Amino acid sequence: MSKSTRWESKDNESKHLPIYQHKTKLVQAVRDNTFLVVTGETGSGKTTQLPQYLYQAGFCKDGKIGITQPRRVAAITVAQRVAQEMQCTLGRDVGYQVRFDDCTSQDTAVKYMTDGCLLREILADPGLSQYSVVILDEVHERSLNTDILLGLLKKIFTNPAKATKGRSFPLKVVVMSATLETDKLSAFLGDCLVFAIPGRTFPVTCTFGSAVGPKDIESTGYVKEVVKMALDVHTSEMAGDILVFLTGQSEIERACDLLYEKAESIDYRYDVQDQTVEGLLILPLYGSMPTDQQRQIFQPPPPKIRKCVVATNIAATSLTINGIKYIIDSGFVKQLNHNSRVGMDILEVVPISKSEAQQRAGRAGRTSAGKCFRIYTKEFWEKSMPEYTVPEIQRTSLTAVILTLKCLGVHDVIRFPYLDCPEERFILEALKQLYQFDAIDRRGRVTRLGELMVEFPLHPGLTRAVLKAASLGCQDLLLPVAAMLSVENILIRPGHPEKQKEADKKHRGLANKSGSMNDFATLLSVFQSCKSSDRPSVWCKENWIHWRALKSAFSVETQLREILLRLQQKRDFPVETFDGNKSELLRRCLCTGYFTNVARRSVGKVFCTMDGHGSMVHIHPSSSLFDQEAELNWVIFHDVLVTSRVYIRTVCPIRYEWVKDLLPKLHEVDVYELSSVAREEVTDEEMIKWENREAAKRQPEVSTEDVTKKLEKRNNEATVSDARARYLQRKQQRQQSKAL
DNA sequence: GAGCACTGC
């Protein structure tokens, strides 16, 4: 008996899914078209069923079916469910692949994976020769990797030679999305067929409030307002759990405190149609919360108790809580925006988009009809909320992505088919940075170093430092540091002042233990101390270190080490010797990747960045260099944090001589010249002309003193001061509301 | 003198 008939005969609930009646037509549509857009809201069954239909229809005869997801858990859980439905062992016919966890085999025909994994696969096999069907799921979420995949798949078919290279059967591409902007998707893919499948969710009625209007974008009054609304719902609505959307940990904790206070003072004994609600169970939920505490959220509440979860956006897509009937929407979210004018990422509280508001509301209609209470006015909805969230590709630093594209042979990264084009200056900034890191040459072609760099799942600067260390034979110094910098924050700083003091003291102890006033060295020391400890989790607890984060740093370090080993086994891996002072080795390696993040002491405690923006920055108080006056004139830093000031974090003192030869590179390239190079293959003659012109333009040697002075004159760009001003305003409001 | 959401390789 063939496998497919075995599955066909299996009568289960999948036959009752909305997608089931469209099975034949859907399979035919995939057969007849190269591109197909499938839309359907949650509950349509498209993610679990379509791959099975295609399998049964024989699409796996020549190749695999690959389905991408933006999140790891989704890839894993969906694969588990499909394996169960197909009655096969997970990892055989049906499997999944995510970072650190490859559950596939030679036989795997239906493979769920994260979008990042497929992107990595394309790097090794640009024609995706192993696949007969590629399905991109959750495309409406517009994750960076999914957007890039979408462009790459479109591009494959604009070049028929590439599309058929290495394969004897056609590649089919299915793009799955919620019913948003489907016309745009179809148009992008050459007006391809759109197949709509009805969803299976329950209606959610939405009401607007009166608390937050268009003028209140800067207000923090919404914390109080959501609390009031939650209590209203609790005392006047039928049984069913509440989910409140706020923006961050501290707000959530404040809201929970207020809820406890107020809930005790009201009479919440209430009867509605025999369903008695006697109490309220208040649960915070945010990403950095310990995992076991997060698990509590999923427990059904005790009888006659109503659950009220106060969460960040983590509850919008990543975690699904059963039994939610009421949503309270603050209308705000914390969003990381890259600003190319100042070369900084700024985390800001902004109004959500209308589509995001609908997504939040939808969380109330998964098991029965629900209600969504928006605390903002209809006017706020109309005037302050954008239609759609700006896709990640338009608000993030593109350095790593552009390198990936270049390595895939996409020379013209400006005219690459983006569903939504990033601003040109974002692309130019990325090119400039890649040039500064020697990942591409002046003609925009990937260098040998760039080819090595693309293999690492790290920021290119950090990768460059790792590669430098590897060529000097001291990778053991850099690999742990790179791993520690690419996981969640390692040092825990609790909310209570007493515990804060204790944690700070421990952290200062760890910094001193590392022997040098250097935050990177502290990270290395923490990594090594914990690794050699008998009971690492206990050690972490004692030292206020985030054990979950450190564990993932261990995995990252192992992965980086494996990648490096693989690259070193190839023939021409660079080897260098170091004739300086051994104690400087770590810092010297860091300089090769962080010379774009150099700051020089200006006046007093103020430092000035040397990246061409000349931003005024302060050392963050969590740094071991905070308040260290002596001899500290030049530093490199890992990142920037804009709050009440512009702070640099994870800092390390350096000597000017170490970056002297690298710094001119920061001012060498005119991005607009680079843009013309980016657009087209340039002939040798043109290149020579261009280089001559550049050389003529290049100014005579300028001393760094002059550069600094010039830069200090310029204020930080408006966006940074705006962000600071908004931050200060919020802070002031918080203090006022506390005083009241 | 400290106020950072979420996701991914």
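This one's a predicted model, so the numbers in the text were calculated from it and none came from an experiment. Below, read A as the first sequence line, B as the second, and so on, with proteins coming before strands; counting in each chain starts at 1.
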K.L.:
Rounded to whole Å, please give me the gap between CG in Asp115(A) and P in dT7(B).
P.N.:
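Interatomic distance, CG of Asp115(A) to P of dT7(B): 13 Å.
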K.L.:
For Ser486(A), which contact category applies under a 4.0 Å heavy-atom criterion: base, sugar-phosphate, or nothing?
P.N.:
nothing
K.L.:
Give a yes or no on whether the ring-centroid distance for His338(A) and Phe426(A) is below 6.0 angstrom.
P.N.:
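Centroid distance His338(A)-Phe426(A): below 6.0 Å, so yes.
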K.L.:
Write down the distance between CG (Asn145(A)) and P (dT7(B)), rounded to a whole number of angstrom.
P.N.:
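These atoms are roughly 15 Å apart.
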K.L.:
What nucleotide among dG1(B), dG3(B), dC9(B) has an atom nearest to a side-chain atom of Val98(A)?
P.N.:
dC9(B)
K.L.:
Which of the following nucleotides, dT7(B), dC9(B), dC6(B), is nearest to the side chain of Pro457(A)?
P.N.:
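Between dT7(B), dC9(B), dC6(B), the one nearest the side chain of Pro457(A) would be dC9(B).
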K.L.:
Hey, are Glu121(A) and Tyr131(A) close enough side-chain-wise for a donor-acceptor pair under 3.5 Å?
P.N.:
yes
K.L.:
Grab the CG-P distance between Asp504(A) and dG1(B) for me, whole Å please.
P.N.:
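After rounding, the reported distance stands at 15 Å.
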K.L.:
Report yes if at least one side-chain N or O of Ser143(A) is closer than 4.0 Å to OP1 or OP2 of dG8(B); otherwise report no.
P.N.:
no
K.L.:
Heavy atoms only, 4.0 Å cut-off, all strands: where does Arg72(A) land among base, sugar-phosphate and nothing?
P.N.:
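Sugar-phosphate, no base atom in range.
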K.L.:
Counting side-chain heavy atoms from C-beta on, which of dA5(B), dA2(B), dC9(B) comes nearest to Gln249(A)?
P.N.:
dA5(B)
K.L.:
Both Thr643(A) and Thr114(A) contact DNA chain B. Which one's nearest nucleotide lies toward the 5' end?
P.N.:
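The residue mapped nearer the 5' terminus is Thr643(A).
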K.L.:
In terms of side-chain heavy atoms of Arg71(A), which of dG3(B), dA2(B), dT7(B) is nearest?
P.N.:
dT7(B)
K.L.:
Under 4.0 Å between a side-chain nitrogen and a carboxylate oxygen: does that hold for Asp420(A) and Arg142(A)?
P.N.:
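Yes, charged N to carboxylate O under 4.0 Å.
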K.L.:
To the nearest angstrom, how far is Leu319(A) atom CG from dT7(B) atom P?
P.N.:
7 Å
K.L.:
Between Phe416(A) and Tyr418(A), what is the ring plane arrangement, given parallel below 30°, perpendicular above 60°, and tilted in between?
P.N.:
perpendicular
K.L.:
Could you check Leu458(A) against Leu336(A) and say which one's nearest nucleotide on DNA chain B is further toward the 5' end?
P.N.:
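Nearer the 5' end of the strand: Leu336(A).
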K.L.:
Quick one: Glu138(A) CD to dC6(B) P, roughly how many Å, whole number?
P.N.:
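It is 19 Å, rounded to the nearest whole Å.
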K.L.:
Given atom CG of Asn489(A) and atom C1' of dA5(B), what is their separation to the nearest angstrom?
P.N.:
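Spelled out: CG on Asn489(A) to C1' on dA5(B) is 14 Å.
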K.L.:
Which nucleotide in the set dG3(B), dA5(B), dT7(B) lies at the smallest distance from any side-chain heavy atom of Tyr727(A)?
P.N.:
dG3(B)
K.L.:
Do Glu392(A) and Asn145(A) have side-chain atoms, one donor and one acceptor, less than 3.5 Å apart?
P.N.:
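No pair is found: no donor N or O on one side chain lies under 3.5 Å from an acceptor on the other.
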K.L.:
Is any side-chain nitrogen or oxygen of Lys334(A) closer than 4.0 Å to OP1 or OP2 of dG3(B)?
P.N.:
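No, Lys334(A) has no side-chain N/O under 4.0 Å of OP1/OP2 on dG3(B).
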K.L.:
Find the distance Glu557(A):CD to dC9(B):C1' and express it as a whole number of Å.
P.N.:
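After rounding, the reported distance stands at 17 Å.
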K.L.:
Please report, rounded to the nearest Å, how far the P atom of dG8(B) is from the CD atom of Gln97(A).
P.N.:
14 Å
